[in-house]
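Structure first, commentary second.
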Amino acid sequence: MKTFSQFTAVFEAELKSYLREVGALVFVAVFPLFFSTLTYGMGTVLTGEAAPERWLYQVIGFGVMTVSIVLTSSTAWYFRRGMSSGRLEYVMAAPVSPVAILAAHSLANVLTSLLAFLFAGFVGTYIVYGLSKLPGFLLAAAVTFFALLPVVGVNLVVGVVTIVAKEPEPVANTVAAVVAATSGFAYPITLLPPVLQLIGMVLPFHHVVETARAAVMTSLSPTQLPILLLMMLYLVAGLAVYRYGENHYARKVGVSW
Amino acid sequence: MHSVVCEGLVKTYETRGGFFSQRKQVVKAVDGVSLRVRRGSVFGLVGPNGAGKTTTIKILTTLLIPDAGQAWVNGFDVVKEADRVREVIGLVLAPDKGFYPRLTGFENLVYYGRLYGFSKGEAGRRAAELLETVGLGGDGYRFYEEYSLGMKAKLSIAKALINDPETVFLDEPTIGLDPLSAKKIRALISDLARQGKTVLLTSHNMWEVETLSEEVALINKGKVAAFGTPRELKERLNLSYIVEVEIIGNSPLDISYPVENGERGNKVIKMLSYSPSDTLVEILDELRSRDIRIGYVKVHEPSLEEVFAQVVTG
């Protein structure tokens, strides 16, 4: 009961904060639509072929990319803001479960990001397929929600690195660059050199975007489920790394800025 | 009997020149600190910047794990029973930090109340009560980012009390505040002690510490340099009092004490003394024996600031 109260407290506080910072939310919602239009336009000029499905491919790709990167950097920023605002010290001095706190923070992030993804994806799907594929898109959104959970694990590792390095921008931006290039958000990862393909396959982001695309544009394959379940190991590993980082680093050197 | 006990606390920090630099610097922030804080008292922890006050508080509030030594708060070991300690303490680390800027003061307090396990309704009731207590009753529904520094400090105190803690740690709670806001915070701290809570206070304002604290520890370079009641510290350091007696009218000045011109046009005897009551009796006896009329009598006690200066500068 106590853990649930803590969980909902953080979830509500984070959600209220996000929803009161409308600018960031609008950016996350609008960016995938317009950026995909830009890349689609460039591709069409180069190939001379116009195919609306390719635009939707990009919309979903950039939608998931934006959500994933926002999620990853937001965890880094949660620690950064928590350290500079002193909130993290107060949380660590309270009898709370760090897992509940981080899970609630991540869930609030996932939900608000998903809200933005819903908007972009909904508009894109409607423009390309009309109303017929909208149920498929809603399924994609639901699947994306669960598929994003392994990303939370990656976020926790990024968060711990943020505490150690005390530099959220370089950490989050480096991760974002690797993720953006190797996850197949804008192009199939088979186009990449084998090493980069391997990175894309090992990280969870490629599987999230492929699952979302399949749900809207083709159909979900049963083979995708075991992969997504396997990716949940990131969540377990992330929690383990966070716990280690908290006990062996945060409480050894402190988290004040 | 004692709310806070620590024995031989040691905490060392390692700093590097840069991420790839091999140059390391080891700083011993706390070097064998031992303290005992009586239950229900206000205890002052003073010392120059970098003396180890905040590190000691962070160890006692479970934020840092000490390299050596042990500490107990309300009987719970700060390392082995950290969660129990967290349940019974309140903490202010900086009076203008620790809150969500886009949540109201009330929402921020409810947030912290729920972190301590209260239901939403219960946390709301406590938050409303505490906002009244600290004088923010009418401002609880404003965003934290709109608060003045004084209001933020009051909200920090309210946050520290949200779980009705037995022991409250206040690290420089009046820093940067205007005199009126600081006075209000001091009144709140006195109220806490009257309610039977133990308060461990750090401040650079020596007058504040002296006024509020029953006992004081002076930390310098990570070690406890002096410990006791403010009066004991002054006596131990043998700091002199100033005994001042005003002489009224055109009295003869061939007395055996030095005389200065006073503010009201009268002459004033000023004597440095380690034993002010004896000195005062001697002066008054002489003046009476010569039928000299006496105006006022004052005894200036050495301040904690003088104790601080003497201990720190040696």
Side-chain angles (χ1 to χ4, degrees), chain A residues 1-25 78 81-98 100-101 104-105 108 161 163-167 170-171 174 246-257, chain B residues 11-15 19 29 54-55 57-67 79 82-104 107-108 110-120 122-123 143-145 156 159-160 162-163 165 169 171:
Chain A
M1 191 62 197
K2 188 178 166 186
T3 306
F4 180 72
S5 182
Q6 293 167 346
F7 179 88
T8 49
V10 178
F11 178 71
E12 273 186 39
E14 293 284 328
L15 203 60
K16 276 181 186 167
S17 283
Y18 293 139
L19 296 178
R20 287 172 187 174
E21 288 172 5
V22 185
L25 203 61
Y78 174 76
R81 283 185 185 148
M83 288 165 92
S84 60
S85 72
R87 216 164 53 222
L88 194 58
E89 285 188 316
Y90 284 150
V91 168
M92 287 172 69
V96 295
S97 154
I101 298 294
H105 160 77
V161 177
I163 292 177
V164 175
K166 295 194 173 180
E167 292 183 54
V171 174
T174 305
E246 184 188 334
N247 291 328
H248 290 85
Y249 194 84
R251 291 193 195 271
K252 291 264 182 193
V253 299
V255 290
S256 57
W257 201 290
Chain B
K11 183 69 194 174
T12 308
Y13 292 116
E14 219 174 68
T15 55
F19 195 74
T54 301
T55 302
I57 283 198
K58 286 186 178 178
I59 292 171
L60 294 173
T61 54
T62 77
L63 283 170
L64 287 173
I65 298 170
D67 299 334
V79 176
D83 262 344
R84 302 295 299 274
V85 172
R86 289 170 197 150
E87 282 169 9
V88 296
I89 60 167
L91 171 66
V92 172
L93 278 176
D96 61 337
K97 284 184 165 187
F99 297 95
Y100 283 95
R102 287 283 172 99
L103 295 192
T104 65
E107 287 170 338
N108 269 300
V110 171
Y111 163 77
Y112 277 111
R114 294 175 76 190
L115 287 193
Y116 282 90
F118 292 117
S119 67
K120 196 173 179 179
E122 209 175 339
F143 282 152
Y144 177 74
E145 65 187 3
S156 292
K159 182 216 78 76
I162 194 77
N163 57 326
F169 295 87
D171 192 12

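The basis for the numbers below is simple: all heavy atoms, side chains too, and nothing from hydrogens, waters or symmetry mates.
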Q.
For E21(A), which atoms come within 4.5 Å of any heavy atom of chain B: side chain, backbone, both, or neither?
A. both

Q: Among the options N163(B), D83(B), D96(B), L91(B), pick out the one with the most heavy-atom pairs lying under 4.5 Å from chain A.
A: L91(B)

**Q.** Check against salt bridge (charged side-chain N to carboxylate O under 4.0 Å, His left out), R114(B) and E12(A)
**A.** CA-CA 11 Å; R114(B) 294 175 76 190; E12(A) 273 186 39; 3.3 Å; yes

Q. When heavy-atom pairs shorter than 4.5 Å are enumerated against chain A, which of L93(B), T55(B), I89(B) gives the highest number?
A. L93(B)

Q: Report the residue from V92(B), L115(B), T61(B) that forms a side-chain contact (heavy atoms from CB on, under 4.5 Å) with Y90(A).
A: V92(B)

(Q) Below 30° counts as parallel, above 60° as perpendicular, anything between as tilted: where do the rings of H105(A) and Y18(A) land? (A) tilted

(Q) Taking side chain as everything from C-beta outward and backbone as N, CA, C, O, which of these in T3(A) sits under 4.5 Å from a heavy atom of chain B? Side chain, backbone, both or neither. (A) neither

Q | Side chain, backbone, both or neither of E107(B) within contact of chain A (heavy atoms, under 4.5 Å) | A | side chain

Q: Name the orientation class of the two ring planes belonging to Y112(B) and F99(B) (parallel below 30°, tilted from 30 to 60°, perpendicular beyond 60°).
A: perpendicular

Q: Check the pair T62(B) / M92(A) against side chain to side chain contact (heavy atoms under 4.5 Å, CB included), numbers first and verdict last.
A: CA-CA 8 Å; T62(B) 77; M92(A) 287 172 69; over 6 Å; no

